[in-house]
Amino acid sequence: MMLSQLLNGLDYTLLQGDVNIDISDVIYDSRKVIENCAFVCLKGFVTDGHKYARDAAEKGAGALIVSDDIDLPENITVIKVEDTRPALSKMSAEYFGNPSKELKTVAITGTKGKTTTVAMIRSVLESAGIKTGTIGTLGIVLEDKIFKTANTTPESYEIQQALRRMVKAGCKAAVMEVSSIGLKQHRTDNITFDIGVFTNFSHDHIGDSEHKDMEEYLSCKAMLFKQCKLGIVNIDDEKCGEILRGSTCEVKTYGFSEKADLVGSDDSLIARPGYIGVHFETKGEKNLSVDVAIPGRFSVYNALAAISVCSELSVEDEYILKGLDTVSVKGRVEVYPTPHNYTLLIDYAHNAMSMENVLTTLREYKPHRLVTLFGAGGNRPKARRYEMGEVSGKLSDLSVITEDNSRFEDVNDIIADIKVGIDKTDGKYVIVPNRVDAIRYCIENAEEGDIIVLAGKGHEDYQEIKGVKYHLDEREVIASILAEK
């Protein structure tokens with residue numbers, strides 16, 4: 001593709017060279033430079049791509065996209081822009097042929113609920129026969145494959161590449177989590193989303209490498225509603241008005257408020273062996289009686305968002321109900337079906353706050369016993385271990401303490417730290433250092449009506465020990481143990 005075409009629509013200055021040259025790819029990582037590529041010098045929190053511009057030129061890059069004045073060889077094309085991040089986004093969209101224009105696109109932003117809402121929307125759309133790809137915390141999900149990404153919202157190049165891959169695979173829709181950082185860093189520029197969704201807002205992501213304060217955090221999330229056609233927002237969140245300040249889109253609302261366009265009501269918990277979820281009714285734009293296969297009253301909000309989105313995409317009610325009744329989020333209170341009268345869950349909770357949220361939610365279901373299997377990561381602050389032990393001791397009927405990515409520490413030392421926290425409580429516990437053995441212990445000692453949570457790994461499929469990542473998918477472990485029985 002010609003460099004001039006990649007620069008289409010960009011405000012730039014040609015410092016040297018020629019824009020009428022053929023470009024092989026758009027690259028922002030100097031380690032991946034190939035002959036005749038355009039190397040975009042991104043500024044990150046840790047490093048600055050301008051430092052690697054000369055190296056990229058020596059490796060054969062055909063053009064350099066810069067925002068700073070730097071000394072470079074005369075035999076390479078140099079393009080100067082005000083900010084290389086928007087430039088990367090624009091060039092990536094051009095390079096992959098603007099694939100978002102060939103899909104129905106949905107973006108979800110908010111502090112919590114993004115991953116679950118994305119999964120719900122995909123489940124409904126797939127139930128209706130609409131092939132859908134997703135981008136988010138779990139990675140890029142396409143058909144039955146997951147391609148891991150470094151961030152919830154990847155760099156613009158990876159987003160555009162994934163969207164083109166979805167189009168080639170026959171997808172008609174793409175649903176993605178759009179983080180505040182992703183919006184701040186222009187990763188989703190050059191996509192006009194058909195629908196943007198706001199779930200909720202709370203304190204998070206404040207720090208040197210993220211947002212300087214809550215005001216900036218909120219304003220970055222609000223950017224989504226200047227690049228979508230329709231905004232669907234949680235009317236019950238106190239920041240709902242602020243998130244729409246300056247918005248340019250049509251707006252619809254959901255929530256429990258009678259003022260919402262889609263109103264939720266009469267929520268209740270559902271629990272039976274192998275199924276744990278929530279029921280609720282809707283009125284307003286839709287009159288439905290809904291069962292959702294994800295526990296917790298907060299799941300109603302995520303489901304209301306999914307119903308609103310899918311209604312706008314003309315999905316029939318029967319598929320909305322089916323998709324929500326069968327939805328599963330890998331590693332997020334994910335039910336693993338067993339032939340026995342207890343419920344087995346896999347969850348990513350790996351710190352005290354996330355464990356407390358999950359266990360408090362599950363206690364509402366009044367299980368015979370709440371059994372929590374967990375460990376703690378090595379080479380991480382010891383305080384986390386004390387806190388996790390204390391939380392599980394207070395909220396679980398039985399804690400099964402084991403390993404979880406011990407890294408370069410001895411698992412027994414980590415377990416000793418967890419015991420410091422759990423010994424502050426009256427909680428019962430057993431210690432089974434090997435995680436596979438610990439899972440076996442939970443299954444072999446399960447009692448009717450138990451809810452068993454395997455916490456910490458979630459969607460991960462490895463166990464990190466002494467610098468080596470060993471394959472460990474808890475689903476495979478469970479299947480093997482059940483087959484033995």
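Remember, predicted model here, so these are calculated numbers, not experimental data. Each residue takes its place number in the sequence, starting with 1.
Side-chain contact check for Asn234 versus Thr199: every heavy-atom pair is 4.5 Å or farther apart. Side-chain contact between Ser311 and Ile307: present, with at least one pair of heavy atoms (C-beta onward) separated by less than 4.5 Å.
Between the side chain of Lys112 and the main chain of Ser202, no donor-acceptor pair closer than 3.5 Å is present. A distance-only check finds no donor-acceptor pair linking the side chain of Glu250 to the backbone of Gly231 [under 3.5 Å].
Using modelled atom types and a 3.5 Å distance limit, the side chains of Tyr441 and Asn434 yield no donor-acceptor pair. For the residue pair Ser257 / Asp236, no side-chain donor-acceptor distance below 3.5 Å is found, with atom types taken as modelled. For the 3.5 Å distance criterion, the side chains of Asn405 and Lys469 fail to qualify, holding no donor opposite an acceptor.
Counting heavy atoms of neighbouring residues, nucleotides and ligands inside a 6.0 Å radius, atom NZ of Lys104 does not exceed 12 of them. Few gaps surround CD on Glu444; more than 12 heavy atoms of other groups in view lie less than 6.0 Å from it. Remark: Lys330 NZ is packed, more than 12 non-hydrogen atoms of other residues, nucleotides or ligands lying under 6.0 Å away. Within 6.0 Å of NZ on Lys131 lie more than 12 heavy atoms contributed by other residues, nucleotides or ligands. Within a 6.0 Å radius of CD in Glu238, other residues, nucleotides and ligands contribute 12 heavy atoms or fewer. Counting non-hydrogen atoms of neighbouring residues, nucleotides and ligands closer than 6.0 angstrom, the CG atom of Asn287 exceeds 12 such neighbours.
The side chain to side chain donor-acceptor pair (under 3.5 Å) search around Lys90 returns Glu94, not counting sequence neighbours.
Under the 4.0 Å criterion applied to side-chain N and carboxylate O atoms, Glu158 and Arg187 are not assigned as salt-bridge partners. Look at Asp83 and Arg85 and you find no salt bridge, because none of the NZ, NE, NH1 or NH2 atoms lies under 4.0 Å from a carboxylate O.
Distance check: Asp417 CG to Met388 CE gives 12.0 Å after rounding to the nearest 0.5 Å. With rounding to the nearest 0.5 Å, the separation of CD in Gln161 from CE in Met166 is 11.0 Å.
Cation-pi geometry between Lys184 and Tyr217 is not satisfied (NZ or CZ under 6.0 Å from the ring centre, within 45° of the ring normal). A cation-pi arrangement, defined by a distance under 6.0 Å to the six-membered ring centre and an angle within 45 degrees of its axis, is absent between Arg165 and Phe96.
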Derivation and outcome, side-chain hydrogen bond (donor to acceptor under 3.5 Å, both in side chains), residues Thr137 and Thr115: CA-CA 6 Å; Thr137 302; Thr115 302; 3.2 Å; yes
task: Take His471 and Tyr462 through the test ring-ring contact (aromatic ring centres under 6.0 Å, His included) and record every step on the way to the result.
output: CA-CA 4 Å; His471 180 74; Tyr462 63 87; 9.6 Å; no
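Of the candidates Val175, Val106, Leu230, Leu224, Phe193 forms a side-chain contact (heavy atoms from CB on, under 4.5 Å) with just one, namely Leu224.
Between Ser328 and Ala119, the closest heavy-atom pair is O-CB, 4.4 Å.
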